[in-house]
*Asks:* 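My questions will all concern the structure given below.
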Amino acid sequence: MDFYILTLFPEMVKQGLHTSIIGRAAENGLLNIEAVNIRDYTLDKHKKTDDYPYGGGAGMVMSAQPVYDAWKAVTEKIGRRVRTVYATPQGEVFRQEHAKEFAGEDAVIFLCGHYEGVDERVLEEIVTDYVSIGDYVLTGGELPVMVMIDAISRMVPGVLSNEESGRTESLENGLLEYPQYTRPVEWNGKRVPEILLSGHHANVEKWRRQQSLIRTAARRPDLLETADLCNDDHKFLSLYQKQGADAYNK
Ligand code: ADE
């Protein structure tokens, strides 16, 4: 999958995305991540990429021309128009479903804004998706774009090893993940739950499902409204709410 990032800070995104699992996938040729410096496309003789806002007000606005020309150069290189994501707190909030959906594309362009924003006319011309990573305001779009690319990339077949992708994970089934433990069996006076040492696969699975339900109810109860729950899940949750830990193994 090809990612093109239009940015004023190409070094920032290159460094952020060329390490660990995403870096390995890029080296293996599964992902191609290109940072395109918007400044390289400005026609201004002082290499300016922003200007004062019409109507007054604080801050600067990124000019349409360099953003458009950078986008056009990338689009011509790809050979067709592809989805173009603008990272903005005014967008729809990015979720795991979006990561999966974007992973089905061959190529995506991301635009990182800065200052007070980007001239609306170029956004109207090029942007297909306005996406936020949450209800808070960052200084620029680079971090949100790195977050989205990381989440999308791990959904691209082959990016995670079998072992990595085989794990049931937080949010994958609409629930938070159960707690994990590794050696030693006792640490700081706390033992690993006995059931995990039992070797009884079915009981371990049942315990993990129950832990996922308890954790989701405690930390993200909103997720229970849309999670895929079976009759046993509903039964366990209502018992747990009435009886607490006594609901286990019933
Ligand atoms: N740019 C600034 N803040 C942002 C946010 N929360 N999400 C996406 N892009 C942004």
Side-chain angles (χ1 to χ4, degrees), residues 1-20 22 31 33-42 48-71 74-75 81-105 107-156 170-171 219-220 222-223 226:
M1 178 171 184
D2 296 329
F3 296 103
Y4 298 90
I5 307 161
L6 312 181
T7 170
L8 288 168
F9 302 98
E11 293 312 316
M12 182 176 173
V13 291
K14 272 192 246 171
Q15 289 199 349
L17 292 168
H18 282 133
T19 49
S20 188
I22 306 304
L31 305 174
I33 304 173
E34 282 184 38
V36 177
N37 193 342
I38 294 169
R39 198 174 301 282
D40 290 345
Y41 290 86
T42 179
K48 252 169 54 115
T49 56
D50 59 358
D51 216 326
Y52 295 100
Y54 275 117
M60 302 290 272
V61 176
M62 281 169 66
S63 309
Q65 178 273 317
V67 171
Y68 185 73
D69 287 0
W71 175 84
V74 168
T75 300
R81 278 181 90 116
V82 299
R83 281 174 86 173
T84 299
V85 176
Y86 177 44
T88 167
Q90 298 182 13
E92 188 179 338
V93 177
F94 189 76
R95 299 167 58 85
Q96 188 63 29
E97 296 95 85
H98 298 108
K100 277 190 206 157
E101 183 198 315
F102 277 111
E105 302 285 335
V108 179
I109 301 174
F110 288 90
L111 170 61
C112 306
H114 257 269
Y115 316 115
E116 293 309 299
V118 179
D119 190 308
E120 191 68 19
R121 293 167 296 182
V122 68
L123 298 178
E124 287 168 9
E125 208 59 48
I126 70 172
V127 173
T128 56
D129 299 82
Y130 292 83
V131 186
S132 166
I133 61 159
D135 291 336
Y136 39 82
V137 180
L138 299 166
T139 53
E142 282 75 14
L143 286 170
V145 164
M146 285 192 265
V147 166
M148 289 187 252
I149 290 179
D150 189 290
I152 295 165
S153 295
R154 55 189 293 297
M155 291 292 107
V156 171
S170 283
L171 300 180
R219 298 186 187 175
R220 289 293 307 277
D222 56 302
L223 293 179
T226 47

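Computed from a predicted structure; not experimentally measured. Start at 1 and go down the list; that is how both ligands and their atoms are numbered. Throughout, numbering of the chain's residues begins at 1 and tracks the sequence.
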*Asks:* Using 0.5 Å steps for rounding, measure from the CZ atom of Phe102 to the CD1 atom of Ile149.
*Replies:* 11.0 Å
*Asks:* Contact residues of ligand 1 with a heavy-atom cut-off of under 4.0 Å?
*Replies:*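 Ala87, Thr88, Pro89, Val131, Ser132, Ile133, Gly134, Tyr136, Val137, Leu138, Gly140, Pro144.
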*Asks:* Sort and list the pairs that fulfil salt bridge (charged side-chain N to carboxylate O under 4.0 Å, His left out) and have at least one residue in residues 51-67, not counting sequence neighbours.
*Replies:*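 The answer is Lys48-Asp51.
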*Asks:* If I take atom CG from residue Leu17 and atom CD1 from residue Ile22, how far apart are they, to the nearest 0.5 angstrom?
*Replies:*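 Going from CG on Leu17 over to CD1 on Ile22, the span is 7.5 Å.
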*Asks:* Tyr115: what forms a ring-ring contact (aromatic ring centres under 6.0 Å, His included) with it, not counting sequence neighbours?
*Replies:*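 If we apply the ring-ring contact (aromatic ring centres under 6.0 Å, His included) test to Tyr115, skipping adjacent residues, there are no hits.
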*Asks:* Considering only NZ, NE, NH1 and NH2 on the basic side and carboxylate oxygens on the acidic side, decide whether Lys14 and Glu11 come within less than 4.0 Å.
*Replies:* yes
*Asks:* Which residues satisfy the ring-ring contact (aromatic ring centres under 6.0 Å, His included) test with Tyr68, sequence neighbours excluded?
*Replies:* Trp71
